[in-house]
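Remember, predicted model here, so these are calculated numbers, not experimental data.
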Amino acid sequence: MIMNERNIQVLAAPLQGVTDNVWRMAQYEVFGGVDAYYAPFMRVEHGEVRRKDLRDVDPERNAGITLIPQILACLPDHALMMVEALKQMGYRRIDINLGCPFPPIALHRKGSGMLAYPELAEALFRALAAVDGVEYSVKMRLGWDRNDQWRDVLPLMDIIKPANIAVHPRIGKQQYKGDLDIEQFEALLAASPWPVIYNGNLRTVEDIEDITRRYPTLAAVMVGSGLAANPGMFAPAAKPDDYRRFHDLLVDGYTEQLNGGEAQLVRHLQDIWQTFLPGIGRKLFKAIRKSRTLDQYQNAAAAALADVENALTARPEEATDMAE
C-alpha cells in the first residue's frame with residue numbers, strides 16, 4: 001500500500017499490450033507497492049476464448065501476485081465461455097469491462113460502447129449472475145457518447161451486486177483526451193451503493209494523495225499510464241539499477257514467451273517504450289524505435305536507461321509530448 005494517511009489500496013489498471021504477465025511479474029519482483037493487478041481484457045474470437053489470453057492469466061505465470069482477470073463481451077454466451085474457463089483455472093473474482101474506449105471495440109457495443117445500450121448490459125449481467133461461485137467487479141466510463149449514461153446502467157448492477165466499480169471519469173468517445181468530468185464522477189460516487197474505485201490521470205503518488213483526500217470514501221485507486229511510465233512509482237528508494245533490472249526481466253520474459261523470432265521480440269519491446277519512461281527524450285526514443293536487431297535495440301535501450309534519472313524528473317508536458 002502507498003504511504004499516505006489512509007493507506008488506500010493501489011490497483012494496477014489493465015493496459016492492452018503492456019501489463020501482461022511478464023510486465024506484472026517484473027514490476028512485482030523489482031518494485032512492488034501494488035495490492036492487485038487487473039489483467040488486460042480477455043475475448044472470444046472464432047468461437048473460442050483466445051489462447052493468448054488464457055496463457056496470460058495462467059496462475060503459474062502469475063505466482064505470488066493477486067490477479068483479477070477481466071472479460072470483454074457483448075454476447076452473454078461469449079462472456080459465459082470466458083467465466084467458465086476462468087473458473088476452471090481457479091479464479092473466483094472476475095472483472096467486467098465496460099470501459100474500453102477504442103472505436104473498433106466500442107462501436108461493436110463492447111466496453112464503453114455497451115453503456116449506450118443498457119438492455120445489453122442487463123442481459124449480460126443476468127447471464128453472469130447465474131454462474132455459481134463467482135464474484136464480479138466492473139470497470140467503466142461515465143458513458144460512451146453522453147456523460148450521464150452511467151445512470152441507466154448503475155441500477156442494473158444490482159443483478160450482479162459487484163464487489164466494486166472502478167470509474168474513469170471520461171466518456172468513451174474522449175478516449176484519453178480532454179478534461180475529466182469530475183461533476184459526473186461525484187454524482188456517480190454519491191449514487192453508488194457499491195464501493196467505488198477512482199481511475200484516471202493518476203501519474204504520481206501526490207496525485208493519489210490528492211484524490212484520496214478529496215474523496216475519503218473511495219475504496220481504492222487504480223493506476224494505469226502512471227505506473228506503466230514509472231513502474232517504480234511506489235518504490236521511493238528505487239535506483240537506476242532497478243529500472244535496468246526491470247527492463248532485463250522484460251527482455252528475458254518476452255524472449256521465453258514470444259515465438260515469432262527476433263523481429264517480433266524487438267517490435268514488442270519497442271511498443272513497451274510507448275508508455276515506459278516517456279521523459280527519456282526524443283533522440284533516445286527514436287534510437288529505440290529505429291532498432292532492427294536485438295543488439296541494436298539493447299544498445300539503444302541501455303543508453304535510455306543510463307538517463308533514467310532525467311527521464312523520471314521530466315516535466316509532465318515533456319512526457320506527454322514524448323508519448324504522443
Side-chain angles (χ1 to χ4, degrees), residues 1-4 10-13 15 17-37 61-67 202-209 223-258 262 265-316 318-323:
M1 294 185 182
I2 66 170
M3 297 302 295
N4 62 31
V10 172
L11 312 175
L15 299 180
V18 179
T19 60
D20 57 19
N21 69 91
V22 173
W23 185 95
R24 294 190 295 265
M25 295 308 296
Q27 196 283 330
Y28 170 72
E29 181 175 332
V30 178
F31 301 112
V34 173
D35 294 291
Y37 299 80
R61 292 188 174 190
N62 295 277
I65 68 172
T66 298
L67 180 65
L202 298 177
R203 299 189 176 95
T204 66
V205 170
E206 290 72 26
D207 290 339
I208 294 172
E209 291 174 342
V223 187
S225 58
L227 189 59
N230 178 12
M233 184 176 180
F234 305 117
K239 300 177 176 61
D241 280 348
D242 295 319
Y243 290 86
R244 285 189 279 270
R245 182 175 164 228
F246 171 80
H247 176 264
D248 289 345
L249 288 173
L250 295 186
V251 175
D252 291 345
Y254 293 127
T255 298
E256 179 181 345
Q257 289 193 17
L258 298 177
E262 183 174 301
L265 174 62
V266 170
R267 284 195 302 272
H268 192 80
L269 291 166
Q270 289 170 330
D271 288 344
I272 293 293
W273 288 88
Q274 295 289 346
T275 52
F276 180 44
L277 299 179
I280 62 170
R282 293 182 182 279
K283 201 169 181 182
L284 293 169
F285 181 75
K286 285 181 179 178
I288 290 171
R289 295 302 298 173
K290 289 181 178 179
S291 301
R292 293 295 175 264
T293 68
L294 185 58
D295 284 344
Q296 290 174 350
Y297 167 81
Q298 289 279 43
N299 289 335
L305 289 162
D307 199 40
V308 65
E309 289 182 339
N310 287 332
L312 290 171
T313 56
R315 298 197 313 271
E318 289 176 341
T320 301
D321 184 56
M322 187 68 252

Taking all atoms of both residues into account, what is the closest heavy-atom pair of [X] and [Y], and its distance?
{"X": "Ala304", "Y": "Ile280", "answer": "CB-CD1, 4.1 Å"}
{"X": "Val34", "Y": "Leu227", "answer": "CG2-CD2, 3.8 Å"}
{"X": "Ala63", "Y": "Met25", "answer": "O-CE, 3.0 Å"}
{"X": "Ala238", "Y": "Phe31", "answer": "CB-CE2, 3.8 Å"}
{"X": "Ala303", "Y": "Leu284", "answer": "CB-CD2, 3.8 Å"}
{"X": "Leu250", "Y": "Ala26", "answer": "CD2-CB, 4.0 Å"}

Checking Thr255 now: which residues fulfil side chain to side chain contact (heavy atoms under 4.5 Å, CB included) with it, not counting sequence neighbours? Val251, Leu265
Side chain to side chain contact (heavy atoms under 4.5 Å, CB included) between Leu277 and Leu312: does it pass, once the steps are laid out? CA-CA 7 Å; Leu277 299 179; Leu312 290 171; 3.7 Å; yes
pair [X]-[Y]: side-chain heavy atoms closer than 4.5 Å:
{"X": "Pro231", "Y": "Tyr243", "answer": "yes"}
{"X": "Asn62", "Y": "Arg24", "answer": "yes"}
{"X": "Phe285", "Y": "Gln274", "answer": "yes"}
{"X": "Val266", "Y": "Thr293", "answer": "no"}
{"X": "Leu305", "Y": "Phe276", "answer": "yes"}
{"X": "Tyr297", "Y": "Glu262", "answer": "no"}
{"X": "His268", "Y": "Asp20", "answer": "yes"}
{"X": "Arg267", "Y": "Leu258", "answer": "no"}

Check: [Y] main-chain N/O paired with [X] side-chain donor or acceptor under 3.5 Å:
{"X": "Asp252", "Y": "Leu249", "answer": "no"}
{"X": "Asp207", "Y": "Arg203", "answer": "yes"}
{"X": "Asn299", "Y": "Gln296", "answer": "no"}
{"X": "Asp35", "Y": "Leu11", "answer": "no"}

Would you indicate whether Glu206, at its atom CD, is surrounded by more than 12 heavy atoms from other residues, nucleotides or ligands within a distance under 6.0 Å? yes
I need the Asn230 CG to Thr275 OG1 distance, nearest 0.5 Å. 11.5 Å
Rounded to the nearest 0.5 Å, what's the gap from NZ on Lys283 to CD1 on Ile288? Could you check? 14.0 Å
Which residues pass the salt bridge (Lys or Arg N to Asp or Glu O under 4.0 Å) test with [X], sequence neighbours left out?
{"X": "Arg61", "value": "none"}
{"X": "Arg245", "value": "Glu29"}
{"X": "Arg244", "value": "Asp241"}

With Tyr28 via ring-ring contact (aromatic ring centres under 6.0 Å, His included) - residues at least two apart: none
Could you list the residues that satisfy ring-ring contact (aromatic ring centres under 6.0 Å, His included) with Tyr37, not counting sequence neighbours? none
Aromatic plane relationship, Trp23 with Phe246 - under 30° parallel, 30 to 60° tilted, over 60° perpendicular: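 Answer is perpendicular, since the angle exceeds 60°.
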Apply side-chain hydrogen bond (donor to acceptor under 3.5 Å, both in side chains) to Asn21 and Gln257, showing your working. CA-CA 10 Å; Asn21 69 91; Gln257 289 193 17; 2.7 Å; yes
